[in-house]
**Student:** 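Please read through the structure below; I'll follow up with questions.
Whatever order the structure lists ligands and atoms in, that order sets their numbers, starting from 1. Worth knowing before you read on, the calculation uses all heavy atoms, side chains too, and leaves out hydrogens, waters and symmetry mates.
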Amino acid sequence: SVEVALDTLPENRSYTIHIGQELLTRIDLLLPHLPGKKAAIVTNTTIAPLYLEKLRSALAEHQVETFAVILPDGEQYKNWETLNLIFDALLEHRCERKTPLIALGGGVVGDLTGFAAASYLRGVPFIQIPTTLLAQVDSSVGGKTGINHPLGKNMIGAFYQPRLVLADSATLTTLPDRELRAGIAEVIKYGLIHDADFFDWLERHMQQLLARDPETMNYAIRRSCEIKAEIVSLDERESGVRALLNLGHTFGHAIENTMGYGAWLHGEAVAAGTLMAADLSKRLQRITSQDTDRIQHLFENAGLPVKGPRITPERYLESMQLDKKVKDGAIRFILLDRIGKASLDNTVPTLLLLETLSACV
Ligand code: NAD
Ligand code: ZN
């Protein structure tokens with residue numbers, strides 16, 4: 001398990017991320033956080049038939065009364081209307097301040113449920129049971145919650161930390177291949193920004209990871225959570241080092257926004273975006289071409305795209321300037337100094353950027 005310690009957290013100032021097989025039925029881990037023996041489980045129409053009964057009956061064996069809120073599935077439902085469905089259910093069931101909300105699902109369910117927990121009765125306990133690789137290594141760690149607005153992704157939200165995260169790697173057996181690979185993009189990112197040894201390990205274990213070998217999967221999840229927790233604890237509200245977690249994301253968001261939600265999975269856009277960041281780093285003479293070759297090979301071996309879609313450099317630029325990471329007009333880039341070390345740069349010459357944008361599509 002991984003301990004996340006944040007000095008903004010009240011009470012015991014940390015929470016635990018448990019990682020392993022079959023944690024869904026480890027109710028002993030949940031019980032300390034269910035003092036009222038009642039909980040609301042928020043999930044979606046895809047995950048409910050797979051895992052909801054398993055969780056509910058395990059809880060029932062321990063006399064925990066639950067009800068489920070089953071949301072429609074998809075990023076397009078990460079909005080105000082869906083959030084209101086959660087509030088409706090909580091009020092109908094007269095949930096009180098001590099009743100925890102359990103998010104059972106991927107990042108969409110986690111972000112919605114976390115935001116509902118942050119604002120229902122001005123805050124109720126929140127437990128994450130992430131069921132996608134992306135949610136296990138990324139969205140369930142760090143306390144960002146929220147919804148999309150028609151004018152921008154993740155624009156409405158709150159920082160709100162869970163009491164506990166249960167990452168059951170056995171749930172990944174039903175995850176579609178494409179979603180698994182998208183999650184691996186974020187795993188590779190952690191190696192690139194923070195841990196060259198982990199990157200080496202990923203080069204050696206990519207096939208086992210894609211085959212969902214339990215031990216390999218658990219290690220990859222654990223190391224990813226450790227790295228994210230370490231970075232987030234240094235900078236919970238993203239003023240400095242936390243920005244490094246956005247490696248490949250400035251380019252990636254431009255791809256996602258230009259192609260429309262859903263055409264590219266987030267992790268796929270991050271993969272192509274990371275290669276763009278690496279190319280730009282090479283043009284700025286920060287990183288060697290041996291390193292960029294290794295990066296490209298690893299993403300290729302993971303079955304991820306290493307080129308962006310063929311849109312004009314001008315359209316990429318336009319889209320990048322709309323991104324949240326733009327500060328006072330300058331685009332903030334996360335660049336690579338070598339495998340295992342990234343840094344921030346907001347002085348990239350536009351000419352070089354345009355070269356990267358035409359070379360990497
Ligand atoms: P997702 O939640 O949409 O899940 C992907 C798909 O897999 C969905 O169709 C889902 O129903 C299905 N699914 C989930 N678990 C499954 C399982 N075990 N078996 C079979 N199918 C399963 O997508 P995601 O990639 O998990 O999360 C993306 C979201 O996370 C985005 O909205 C993004 O903004 C957000 N996010 C948040 C943070 C954060 O810090 N809060 C970080 C990264 C991403
Ligand atoms: Zn991401």
**Student:** Is T66 reaching over with its side chain to a backbone N or O of A39, donor-acceptor style, under 3.5 angstrom?
**Tutor:**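 Answer holds: no.
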**Student:** Please could you name the atoms of ligand 1 that Y51 approaches to less than 4.0 Å, counting only its heavy atoms?
**Tutor:** 18 (N)
**Student:** Under 4.0 Å from atom 42 (C) of ligand 1, is there at least one protein heavy atom?
**Tutor:**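 Given the 4.0 Å cut-off, atom 42 (C) of ligand 1 counts as touching protein heavy atoms.
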**Student:** Which atoms from ligand 1 have a heavy atom of L50 less than 4.0 Å away?
**Tutor:**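 Listed by number with element: 19 (N), 20 (C).
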**Student:** Given D111, T131, V137, which one has a non-hydrogen atom that is nearest to atom 37 (C) of ligand 1?
**Tutor:** D111
**Student:** Can you confirm whether more than 12 heavy atoms, excluding those of R122, are under 6.0 Å from its CZ atom?
**Tutor:**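 Open.
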**Student:** Quick one: nearest non-hydrogen protein atom to atom 38 (C) of ligand 1, plus distance?
**Tutor:** S139 CB, 3.2 Å
**Student:** Could you tell me if T171 and D168 have a donor-acceptor pair between their side chains, going purely by distance under 3.5 Å?
**Tutor:**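 T171 and D168 do not have a side-chain donor-acceptor pair below 3.5 Å.
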**Student:** Please report whether ligand 1 has a polar contact with G107, defined as an N or O pair separated by less than 3.5 Å (distance criterion only).
**Tutor:**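 N/O-N/O distance below 3.5 Å exists for this pair.
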**Student:** Are F199 and Y190 an aromatic pair, judged by ring center distance below 6.0 Å?
**Tutor:**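 They do not qualify: ring centres at least 6.0 Å apart.
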**Student:** Got a salt bridge between E61 and R56, using NZ or NE/NH1/NH2 to carboxylate O under 4.0 Å?
**Tutor:**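 Salt bridge: no.
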**Student:** Testing T43, T46, T45 one by one against D73 for a side chain to side chain donor-acceptor pair (under 3.5 Å), which residue passes?
**Tutor:**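 It is T46, the one option of T43, T46, T45 that forms the side chain to side chain donor-acceptor pair (under 3.5 Å) with D73.
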**Student:** Could you check D279 against R283 for salt bridge (charged side-chain N to carboxylate O under 4.0 Å, His left out), going step by step and ending with a plain yes or no?
**Tutor:** CA-CA 6 Å; D279 179 90; R283 286 174 203 278; 2.6 Å; yes
**Student:** Provide the number and element of each atom of ligand 1 under 4.0 Å from a heavy atom of K153.
**Tutor:** 31 (C), 33 (C), 34 (O)
**Student:** Which residue holds the protein heavy atom closest to atom 26 (O) of ligand 1, what is that atom called, and what is the gap in Å?
**Tutor:** T132 OG1, 2.6 Å
**Student:** So which of the N, O or S atoms of H249 lies nearest the Zn ion (ligand 2)?
**Tutor:** NE2
**Student:** Which heavy atom of D337 sits nearest to which heavy atom of S343, and what is that distance?
**Tutor:** OD2-OG, 2.9 Å
**Student:** Answer whether the closest heavy-atom distance between the side chains of K144 and D111 falls below 4.5 Å.
**Tutor:** no
**Student:** Check all N, O or S atoms of H266 and name the one closest to the Zn ion (ligand 2).
**Tutor:**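 Atom name of the closest N, O or S in H266: NE2.
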**Student:** List ligand 1 atoms under 4.0 Å from I47, heavy atoms only on the residue side.
**Tutor:**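 Heavy-atom distances to I47 below 4.0 Å select 11 (O), 14 (C), 15 (N).
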**Student:** Could you tell me the residue and atom name of the protein heavy atom closest to atom 44 (C) of ligand 1, and the distance to it rounded to 0.1 Å?
**Tutor:**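 Answer, as residue, atom name and distance: L134 CD2, 3.7 Å.
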**Student:** Can you tell me which residue and heavy atom of the protein come closest to atom 34 (O) of ligand 1, and the distance to 0.1 Å?
**Tutor:** K78 NZ, 3.0 Å
**Student:** Which protein heavy atom lies closest to atom 1 (P) of ligand 1, and at what distance to 0.1 Å?
**Tutor:**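 Its nearest protein heavy-atom neighbour is V108 CG2, 3.9 Å.
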**Student:** Below 4.0 angstrom from a heavy atom of E179, which ligand 1 atoms are there? Numbered from 1 as shown, please.
**Tutor:**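 Near E179, the atoms of ligand 1 are 5 (C), 6 (C).
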**Student:** Between V361 and K307, is there a side-chain heavy-atom distance shorter than 4.5 Å?
**Tutor:** no
**Student:** In the protein, what heavy atom is nearest to atom 22 (C) of ligand 1, and what distance, to one decimal place, separates them?
**Tutor:** L175 CD1, 3.8 Å
**Student:** Report, in ascending order of atom number, the atoms of ligand 1 lying under 4.0 Å from any heavy atom of T171.
**Tutor:** 17 (C), 18 (N)
**Student:** May I ask you to list the atoms of ligand 1 that are less than 4.0 angstrom from any heavy atom of D138?
**Tutor:** 42 (C), 43 (C)
**Student:** May I ask whether H266 places a heavy atom under 4.0 Å from ligand 1?
**Tutor:**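 Per 4.0 Å heavy-atom rule, H266 does not contact ligand 1.
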**Student:** Please check whether N44 reaches ligand 1 - meaning an N/O of the residue sits under 3.5 Å from an N/O of the ligand, judged on distance alone.
**Tutor:** yes
**Student:** Are T174 and Y51 close enough that a side-chain donor and a side-chain acceptor fall under 3.5 Å?
**Tutor:** yes
**Student:** Looking at atom 19 (N) of ligand 1, what's its closest protein heavy atom, distance included?
**Tutor:**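 Ranking protein heavy atoms by distance from atom 19 (N) of ligand 1, first comes T174 OG1, 2.7 Å.
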**Student:** Which single N/O/S atom of E186 lies at minimum distance from the Zn ion (ligand 2)?
**Tutor:**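 Nearest N/O/S atom: OE2.
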**Student:** If you count the atoms of ligand 1 from 1 in the order shown, which ones are under 4.0 Å from a heavy atom of T46?
**Tutor:**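 The atoms of ligand 1 under 4.0 Å from a heavy atom of T46 are 11 (O).
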**Student:** So for K228, does at least one of its heavy atoms come nearer than 4.0 angstrom to any atom of ligand 1?
**Tutor:** yes
**Student:** Between the side chains of H297 and E203, is a donor N or O closer than 3.5 angstrom to an acceptor N or O?
**Tutor:**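 No - no donor-acceptor pair under 3.5 Å links their side chains.
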**Student:** Quick check: closest heavy atoms across V69 and I86, and the distance to 0.1 Å?
**Tutor:**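 What the structure gives for the nearest pair is CG1-CA, 4.2 Å.
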**Student:** Mark the output for E186 as yes if a heavy-atom distance to ligand 1 is under 4.0 Å, and as no if none is.
**Tutor:** no
**Student:** Return yes if a side-chain donor-acceptor contact under 3.5 Å exists between T258 and R315, otherwise no.
**Tutor:** no
**Student:** Which atoms form the tightest heavy-atom contact between A272 and I255, and what is the distance?
**Tutor:**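 What the structure gives for the nearest pair is CB-CD1, 3.9 Å.
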**Student:** So which protein heavy atom does atom 32 (O) of ligand 1 come closest to, and at what separation?
**Tutor:**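 Ranked first by proximity to atom 32 (O) of ligand 1 is E75 OE1, 2.6 Å.
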